[in-house]
Amino acid sequence: MITDFPTAPLDPPGPADREADLAALGGPAMIGREVRRTPFPVITKEDVLHMLLSLRQDPAKTVDAFAESYRDYVGAAFALPTASGTASLHMALVGAGVEPGDEVVVPAFTFIATAQAVVAAHAVPVFVDIDPRTYCMDPAAAAAAVTDRTRAVMPVHVHGLPADMPALRRLCDERGLALVEDASHAHSARIGDHTAGSIGDTAGQSLMADKNFPLGGEGGIAFFASAEAHARAVDYLARHGIDYRMAPIAAAFGASQLERLPYYDRVRARNAAVLGDALRQTGLFEPPHVPEGHVHAYNMYRIGLRPERIGLDDLPVHAVKQAVHELLVAEGVPAREWQNTPIPCHLPFRHRDGFGGGYPFSLNPGAVRDHRPEDFPNTLAMLESTLVLCRELRSPVEYERVLRYGEAFAKVAARPDAIRKLAAGGDCPPPHRRAARLG
Amino acid sequence: MEPFDTAVVLTRVMTSGTVMSIEKADRELPGLERLLARQCGRPHVSLVNSSTAAVHAAVAGQGLGHGDRVDATGLDEPTVAFLAWLGITAGDGPVPFDRVRLTPENAGRLRELAAEATAPALVVDLCDLGFGPAAAVVTADETAWARAERLKIFGAFDLRTMWTQEESNPGLVPGVQFNYRLSPLVAACIRVALNQARASRGGSPRASEATAASGAAR
Ligand SMILES: Cc1ncc(COP(=O)(O)O)c(C=O)c1O
């Protein structure tokens, strides 16, 4: 039987683990090869039973019941379940009144789907830089990008931290724009009492199985604050013959997962706190910044590097990052870059062929720019000086594993000599000089 | 459709822990692709999450896009509307695809139905099998298949290299890109349904496909 049940238990780390030599130099890895798999999502007997029962139900009912219960959880007024997060963003834009040729302000740092959803709506994405601490859309940069043809501003709650929605709301109200959330990383994330997905005029959210709140495969959901916005999206699908329906099997799985979402959220929050405490003691590493009143969902956990704190400030920070990355991976920590260049520098936004013949960019030539990575200095600085953990803090990760991740960061930070040797020795172009990666 | 077998296959996939389409360990999507390729007699299959996604993938695969014309004779109204949304209008032009709509009644005859198709792409609509929106584009043209695959996963070459924007062949990277990925659990159910439909017509499914639980042995 093929199963995802762990093959061996992990022991808690002891003092000898940290004192051992670096795995890259021949020492024992903090997390051994045989125990490196991070299973996700949690799948239980409840999920199986629920899915089997759903096979006896009208498929539309299964999807509608799921969408209604999740809408209620988020606190949005209206919901439209979709086949993917990308489809949900498309519908959020349409619901917000975005028309062909309109400009939509999006962050230069996100998953490419955010900007592709704008193209799907036959509109033109206008890219702006991020805030250097939150990594979310910089409201001042967004304000500077607004023109007469801007219809909407679409911030992304990057990695699960809500963007500065109060500032963006003020901007949108002043300029008569719609505020559309990309809440794909931000299930259960909040500002005060408001859950991501219910804060903008409309929102889209991915529910694919690698997100904090997973469906049984692919899925997404759009949220709308008004009946008019919801109706615009529904009419659009009918008018253009587009099938964006969610699969009932995926929805059935989501219905039982939703009951456990608060549990998952608590596990992630606890693990983020444990790892954050460990990182703060290393000097070199810094946990993500969370502004007062915001609840971070930690779909991803982006760790900052501060080479100056361990005497490595004479080296380029991206070289330190690459060296640290190598050392961490050798210890069994699946750290990643998660992107290496701003989205406008990916092929589809350099060539701008769109649906063919340059449509819809051709509708609004004044909105398009030939961007260089350097146009987005905060994004570049982040890409050069941070590393990311993805699934690693999520249930069912073992507590022992989270402790071992913390120890691995400490073990690496304690060896500036080894970091220096690697960083100074290798050929190391900045991340954005390499081929663009989707994730 | 035998409900016991569907129950077994869903339980088996969930036990494997692999429910994500971009998971390297997934075997359901490649399994369904192989089955459709064999039955349709064409080597390349792109699985997608709806019939409109298949229409999009079929035309994009042939390099048809905004501003192009196709022979829309015989296409239903929603399909013509969808093509118009893509910027493709009815007129003098190629027949862009043939379409087979599978139902529990005709699923056992896919091989015959596919044999009648003459257009460069065959859209196999799997929605009416009862597992939700799903479809496939089947073709003999490798480039058309590669374009369709890239349309459905943001320019990535295939599900396994999802995270690399290959620039070695930029001509294949579509301008607009979607997430049209099909879920493995849906693919698993469709595979069972197609195998059973064939078996009940007296066809002889390969031993490895005969029963829902067979995947457990691989
Ligand atoms: C920020 C962001 N937006 C949109 C999407 C698209 O969602 P999906 O893959 O479900 O289409 C994703 C993710 O995968 C994402 O990370």
Side-chain angles (χ1 to χ4, degrees), chain A residues 1-5 39-41 43 47-48 51-52 55-56 59 63 83-87 111-113 116 119-120 206 208-210 214-220 239-250 253 346-348 351-360 435-439, chain B residues 3 6-7 10-12 14-22 25 49-53 64-68 77-82 84-87 127 130-134 154-156 162-167 170 173-186 189 215-216 218:
Chain A
M1 184 165 32
I2 302 174
T3 165
D4 61 347
F5 198 81
F40 185 81
I43 300 174
D47 299 328
V48 176
M51 190 174 281
L52 299 185
L55 291 174
R56 299 255 158 150
V63 173
S84 71
T86 309
F111 187 65
I112 198 167
Q116 287 290 9
V119 182
S206 173
M208 62 92 84
D210 203 21
L215 295 200
E218 302 288 340
R239 187 154 32 93
H240 296 299
I242 299 171
D243 184 356
Y244 270 166
R245 284 174 303 155
M246 176 183 281
I249 287 173
F253 184 89
H346 285 240
L347 278 185
H351 295 181
R352 292 188 296 273
D353 189 44
F355 283 82
Y359 183 92
R437 284 177 65 82
L438 280 176
Chain B
T6 313
L10 284 174
T11 308
R12 166 170 66 71
M14 303 248 272
T15 302
S16 78
T18 302
V19 297
M20 226 193 343
S21 61
I22 58 168
N49 63 5
S50 72
S51 53
T52 54
L64 296 166
H66 203 272
D68 289 323
E77 212 175 297
T79 305
V80 173
F82 180 70
W85 179 75
L86 295 176
C127 301
F131 303 102
F154 299 106
M162 168 83 186
W163 305 122
T164 309
Q165 282 248 11
E166 273 281 347
E167 302 203 12
V173 178
V176 66
Q177 303 166 343
F178 285 78
N179 172 1
Y180 284 148
R181 300 186 299 257
L182 184 65
S183 301
L185 284 164
V186 178
C189 291
R218 283 182 301 136

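Just so you know, these numbers come straight off a predicted model, no measurement behind them. Note on naming: letters A, B, ... go to the chains in the order of the sequence lines (proteins, then strands), and numbering restarts at 1 for each one.
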How many angstroms lie between atom [atom1] of [X] and atom [atom2] of [Y], to the nearest 0.5 angstrom?
| X | Y | atom1 | atom2 | answer |
| --- | --- | --- | --- | --- |
| A:I249 | B:S183 | CD1 | OG | 8.5 Å |
| A:I43 | B:M14 | CD1 | CE | 6.0 Å |
| A:L438 | B:F154 | CG | CZ | 8.0 Å |
| B:Q177 | A:L347 | CD | CG | 8.5 Å |
| A:F355 | B:D68 | CZ | CG | 13.5 Å |
| B:T15 | A:F5 | OG1 | CZ | 12.5 Å |

Please classify the contact between [X] and chain B as side chain, backbone, both or neither, with a heavy-atom cut-off of under 4.5 Å.
| X | value |
| --- | --- |
| A:R239 | backbone |
| A:I242 | both |
| A:F253 | side chain |

Over 60° means perpendicular and under 30° means parallel, so classify the ring planes of A:H240 and B:W85, tilted if in between.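 Answer is tilted, since the angle falls between 30° and 60°.
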Report the option among B:S50, B:A134, B:G65 that has the most heavy-atom pairs separated by less than 4.5 Å from atoms of chain A.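 Heavy-atom pair counts peak at B:S50.
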One pair to check against side chain to side chain donor-acceptor pair (under 3.5 Å): B:N179 and A:E218. What are the steps and the verdict? CA-CA 9 Å; B:N179 172 1; A:E218 302 288 340; 3.1 Å; yes
Between A:I2 and B:T18, is there a side-chain heavy-atom distance shorter than 4.5 Å?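 No, every pair of side-chain atoms sits at 4.5 Å or beyond.
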Contacts of type ring-ring contact (aromatic ring centres under 6.0 Å, His included), residue B:F178, not counting sequence neighbours: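 Here the qualifying residues are B:H56, B:Y180.
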